[in-house]
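If you read the sequence from its start, that first residue is 1, and numbering goes on from there. Computed from heavy atoms alone, side chains included, the values below leave out hydrogens, waters and symmetry copies.
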Amino acid sequence: MNAFMERKVLFGIGDFKAVYRQLQANPLTEIVACRPDGHWLRYTGKAVFETDPRYAEAVLASAPQLRDIYNEKTGYKMAMFHLEDATAVVIPIMGKGEDLL
């Protein structure tokens, strides 16, 4: 299964982290990033966790060093999620934002 073929932007997070528990309790979230030129990206929506283990397996296959963290010995698992009912906006330092979705 190719996650990109499903047109989802996927995020991975350790199931042992506080932010994982926070997203489970309140899945409404916003991810913000800033480009070097000062433009902001705001990606807002509801975190929906994937139940198919092939998503996490695909990530671990592409970044094998993560298997040092996420394995049977540690008991840690990588939880994968995407945002539903999402909006994405690029906002310049001055001016109006541009919707991306």
Item checked: Same apolar cluster: L23 and L28, side chain cutoff 4.5 Å -> no
Return a table of donor-acceptor pairs under 3.5 angstrom between the side chains of residues 90-101 and protein atoms on other chains or two or more places apart.
none

Next item on the list: Can you see which heavy atom on Y43 is nearest to which on A86, and at what distance?
Entry: CE1-CB, 3.7 Å
Notebook entry, point to check: Can you check whether L83 reaches T29 side chain to side chain, under 4.5 Å on heavy atoms?
Noted result: yes
Item checked: N/O donor-acceptor pair under 3.5 Å between D15 side chain and K77 backbone -> yes
Notebook entry, point to check: Pairs in or reaching into residues 16-30: which pass salt bridge (charged side-chain N to carboxylate O under 4.0 Å, His left out), with residues at least two apart or in two chains?
Noted result: E30-R42
Note to self: Could you see if L10 belongs to whatever hydrophobic cluster contains L41? Use Ile, Leu, Val, Met, Phe, Trp, Tyr and a side-chain cutoff under 4.5 Å.
What the structure shows: no
Margin query: By the ring pair (Phe, Tyr, Trp, His ring centres under 6.0 Å) test, which pairs, at least two apart or in different chains, include something from residues 56-77?
Written below: F16-Y76
Checklist line | Residues forming a salt bridge (charged side-chain N to carboxylate O under 4.0 Å, His left out) with D37, sequence neighbours excluded | finding: R35
Item checked: Minimum-distance pair of heavy atoms, taken over all atoms of P64 and A61 -> CD-O, 3.8 Å
Checklist line | From K8 atom NZ to F81 atom CZ, the distance as rounded to the nearest 0.5 Å | finding: 13.0 Å
Check: Linking Ile, Leu, Val, Met, Phe, Trp and Tyr by side-chain heavy atoms under 4.5 Å, what else ends up with V48?
Finding: none
Next item on the list: State the CD-CE distance between E50 and M80, to the nearest 0.5 angstrom.
Entry: 7.5 Å
Margin query: Distance check, rounded to the nearest 0.5 Å: K73 atom NZ versus D68 atom CG?
Written below: 10.0 Å
Notebook entry, point to check: What are the two closest heavy atoms between H82 and V9, and how far apart are they?
Noted result: CB-O, 3.4 Å
Next item on the list: Give the cluster check for I31 versus V89: same hydrophobic cluster or not, with ILVMFWY residues linked at side-chain heavy-atom distances below 4.5 Å.
Entry: no
Note to self: Give me the atom names and distance for the closest heavy-atom approach of A79 to Y20.
What the structure shows: CB-CE1, 3.5 Å
Notebook entry, point to check: Could you go step by step and tell me if E57 and R67 meet the salt bridge (Lys or Arg N to Asp or Glu O under 4.0 Å) rule?
Noted result: CA-CA 10 Å; E57 186 53 42; R67 291 190 191 278; 2.5 Å; yes
Check: In terms of hydrophobic clusters joined by side-chain contacts under 4.5 Å, are Y55 and V59 together?
Finding: yes
Notebook entry, point to check: In terms of heavy-atom contacts, does CD of E72 have more than 12 from other residues, nucleotides or ligands at under 6.0 Å?
Noted result: no
Next item on the list: Would you please name every residue forming a salt bridge (charged side-chain N to carboxylate O under 4.0 Å, His left out) with E84, sequence neighbours left out?
Entry: none
